[in-house]
Amino acid sequence: MLRRALLAAAAVLAAGTAQAQVKELRIGYQPSPIQDASIAMFESWGAKKGIKIVKVPNSYGVYVEKMTASLTSNSDQYDVIWHNDDWGQLWAHLLEPTDDIEALKYAEKWGMDKVVFGNAQGQNTVVPMGQTFSVFFYRSDLVKPEEVPKTLAGLVETSKKLQAAGKVKFGYVGGMAMNHSWFSWLWSMWANNCDVLAPPYERDNKKLAANGWKSMMTEPCMKETVEYWWDAINTHKISPRGMPAYDRNEANAIFMGGDAAFTVADTLWWGTFNDPAKSKMAGKIAAARFPLGPNRKDPFAWDDIWGWAIPKSISPERKALAKEMLAAMMVDKEGQMKMFKATGAPPPNTTFWPEISAADPFMKLLKESVLDSPHKVRGAYYFANWPAVHKAFNDTVTKAVTGKREDIAKVLAEGAPSVSKAAQ
């Protein structure tokens, strides 16, 4: 017994000594306002603990591929990496479980649902960075709150009036390219009671599989969605001709430059939109619920989180220190208040939300229209092949919207099998 106790004590001492030898943590991320604000909290913690925070930026366009290669090769290149619901299931088996981080009790249950980030053992593999979802932004100097379009048809009508009056060059601008589908295709599709796979809004993989991973590409609601954007670009001309190739940065630049009246963007751009050094429209931006299509009556919102994850392949000592840092971030009230002020993204600790909402009208809007909404949509699907499904979907609708209007149904029908096959 004595020998066993001595060995256990030695093991604990060795682990503690090894942990003490960890002098830096490497963060793999994509530079953006919310990630920069979150890493600032890491740096504040590191300064107090004598731990150097090494930032390793990665381009968004290659982020998933690069991190997947790092994880599957059992590399120890990163200690903490940006994690997103888009690839939650792609990486779940390669990440350290995080359920032992007590501060996760303060996280939003919807965003932390294990259908998104859970591994095969039912363990979560993420720590939230903050809520990331989009809202319908508009120029408050041109449109009064009661004049904000409530329907997709109303968006066309209001846009054309503003254009005819010479107020703006375009009515609506939003990202449409692959990995930017949310800012045009997806929100308008959900607003019309439509989705990529049937049945709409379902995210239970067992139910999707039982339905044969059937795509909704040939449904009337999908044809209506593509026709809406074809008309917006070519007939009504409320959107730029090149919009099918736009990413979020190009669309946001047009909106901030004052050339468009409406856009859909992540709330984390609220701070940038209202920064006089970056936006000509600072102080002239407001937000509202999404306009609805003819097939939907109830307002809806989508609600997701961005998060941080720990690679399973790093040493136990580095895992322990990474968890300590993430736990400290979850309760850093000052840092999270700064995050919201800089970005407009609700912070990861839900106990801070009421105080922010009471003091900030934008947060009050987000709480009422999104965070507390009874009608929520998840912004992705949660199986490993979702990135391939997303690409097949985006390729198909892009081909349809850039071709002839009379060919839209045919193009969607031709692309439907590729969407279903990618999911299987």
Side-chain angles (χ1 to χ4, degrees), residues 33 131-176 180 182-192 225 228-229 231-233 236-240 243 246 248-276 278-293 296 299-303 343-346 360-371 373:
Q131 306 300 125
T132 60
F133 48 80
S134 288
V135 289
F136 187 70
F137 286 104
Y138 66 95
R139 289 269 303 277
S140 58
D141 60 325
L142 301 179
V143 181
K144 298 176 182 176
E146 62 272 18
E147 297 171 338
V148 175
K150 300 293 192 296
T151 65
L152 291 173
L155 175 57
V156 172
E157 181 182 355
T158 303
S159 294
K160 290 174 76 171
K161 286 181 180 178
L162 292 172
Q163 287 173 290
K167 302 290 186 181
V168 286
K169 186 175 181 180
F170 303 109
Y172 181 89
V173 65
M176 269 190 158
H180 304 272
W182 288 271
F183 315 114
S184 54
W185 292 118
L186 297 184
W187 78 259
S188 60
M189 177 183 66
W190 294 328
N192 199 34
T225 299
Y228 178 83
W229 289 114
D231 290 340
I233 294 167
H236 306 304
K237 303 185 188 305
I238 67 166
S239 296
M243 199 168 83
Y246 283 6
R248 76 189 78 193
N249 296 315
E250 290 168 304
N252 288 348
I254 290 173
F255 185 66
M256 289 188 292
D259 285 337
F262 305 102
T263 194
V264 164
D266 288 339
T267 63
L268 62 88
W269 287 96
W270 174 251
T272 303
F273 285 173
N274 285 290
D275 183 346
K278 300 176 181 178
S279 172
K280 293 182 180 179
M281 296 298 105
K284 301 175 182 178
I285 306 296
R289 297 176 186 271
F290 296 109
L292 301 180
R296 187 176 180 95
F300 81 98
W302 95 72
D303 183 10
T343 67
D360 191 286
F362 185 61
M363 181 63 177
K364 185 173 184 291
L365 168 73
L366 299 183
K367 225 174 158 301
E368 292 173 350
S369 63
V370 179
L371 301 171
S373 174

**Report entry** Shortest non-hydrogen contact between Ala287 and Val135, atoms and distance
**Finding:** CB-CG2, 3.8 Å

Requested in this report: Apply side chain to side chain contact (heavy atoms under 4.5 Å, CB included) to Tyr246 and Ile254, showing your working.
Outcome: CA-CA 11 Å; Tyr246 283 6; Ile254 290 173; 3.5 Å; yes

Query raised in the report: Is there a side-chain contact between Phe262 and Ile238 (heavy atoms, below 4.5 Å)?
Result: no

Query - Trp190 vs Trp182, side chain to side chain contact (heavy atoms under 4.5 Å, CB included): CA-CA, chis, key distance, verdict - result: CA-CA 10 Å; Trp190 294 328; Trp182 288 271; 3.9 Å; yes

Report summary line: Shortest non-hydrogen pair, Val173 vs Pro240, comes out as CG2-CG, 4.1 Å

Report task. Just do the side chain to side chain contact (heavy atoms under 4.5 Å, CB included) check on Ser373 and Phe300 with the steps written out, would you? Result -> CA-CA 7 Å; Ser373 174; Phe300 81 98; over 6 Å; no

Query raised in the report: Between Thr267 and Phe362, is any pair of side-chain heavy atoms under 4.5 Å apart?
Result: yes

Query raised in the report: Heavy-atom distance under 4.5 Å between the side chains of Phe183 and Asp266, does that happen here?
Result: yes

Query raised in the report: Which distance, rounded to the nearest 0.5 Å, do you find between the CE of Met256 and the CD1 of Ile285?
Result: 9.5 Å

Report task. Check whether any side-chain heavy atom of Phe133 lies under 4.5 Å from a side-chain heavy atom of Pro346, and answer yes or no. Result -> yes

Query raised in the report: In Å and rounded to the nearest 0.5 Å, what is the CG to OG distance from Asp303 to Ser134?
Result: 11.5 Å

Query raised in the report: Is the closest side-chain heavy-atom distance between Pro291 and Trp187 below 4.5 Å?
Result: yes

Report task. Answer yes or no: is there a side-chain heavy-atom contact under 4.5 Å between Asn192 and Tyr228? Result -> no

Report task. Would you check if Met243 and Trp229 make a side-chain contact, meaning some heavy-atom pair closer than 4.5 Å? Result -> yes

Query raised in the report: Can you list the residues that meet the ring pair (Phe, Tyr, Trp, His ring centres under 6.0 Å) rule with Trp269, with sequence neighbours excluded?
Result: none

Requested in this report: Taking all heavy atoms of Asp275 and all of Ala282, pick out the closest pair and write down the distance.
Outcome: C-CB, 3.8 Å

Query raised in the report: Rounded to the nearest 0.5 Å, how far does OG1 of Thr132 lie from CH2 of Trp302?
Result: 9.0 Å

Give every donor-acceptor pair under 3.5 Å between a side-chain atom in residues 149-157 and any protein atom, sequence neighbours left out.
from   : atom 1 : to     : atom 2 : distance (Å)
Lys150 : NZ     : Val148 : O      : 3.4
Thr151 : OG1    : Gly154 : N      : 2.9

**Report entry** Donor-acceptor under 3.5 Å (Gln163 side chain, Lys169 main chain)
**Finding:** yes

Requested in this report: Report yes if some heavy atom in the side chain of Arg289 is under 4.5 Å from a heavy atom in the side chain of Phe136; otherwise report no.
Outcome: no

**Report entry** Donor-acceptor contact below 3.5 Å, side chain Ser239 vs main chain Tyr172
**Finding:** yes

Report task. Could you go through the side chain to side chain contact (heavy atoms under 4.5 Å, CB included) check for Leu371 and Met363 one step at a time? Result -> CA-CA 10 Å; Leu371 301 171; Met363 181 63 177; 3.9 Å; yes

Report task. Sort and list the pairs that fulfil side-chain hydrogen bond (donor to acceptor under 3.5 Å, both in side chains) and have at least one residue in residues 138-148, not counting sequence neighbours. Result -> Arg139-Asp141

Query raised in the report: Does Thr343 use its side chain to pair, donor to acceptor, with the backbone of Ala345 at less than 3.5 Å?
Result: yes

Query - Spatial distance of atom NZ (Lys237) from atom CD1 (Ile233) [nearest 0.5 Å] - result: 10.5 Å

Report task. Drop me the distance from Phe255's CZ to Thr272's OG1, to the nearest 0.5 angstrom. Result -> 12.5 Å

Requested in this report: Check Lys284 against Asn274 and note the closest heavy-atom contact, atom names and distance.
Outcome: N-OD1, 4.2 Å

Report summary line: Tightest non-hydrogen contact, residues Ser184 and Met176, listed as OG-CG, 2.8 Å

Report summary line: Here the pair of heavy atoms bringing Phe273 nearest to Ala265 is CZ-CB, 3.9 Å

Query raised in the report: Counting only N and O atoms by type, is there a donor-acceptor contact under 3.5 Å from the side chain of His236 to the main-chain atoms of Asp231?
Result: no

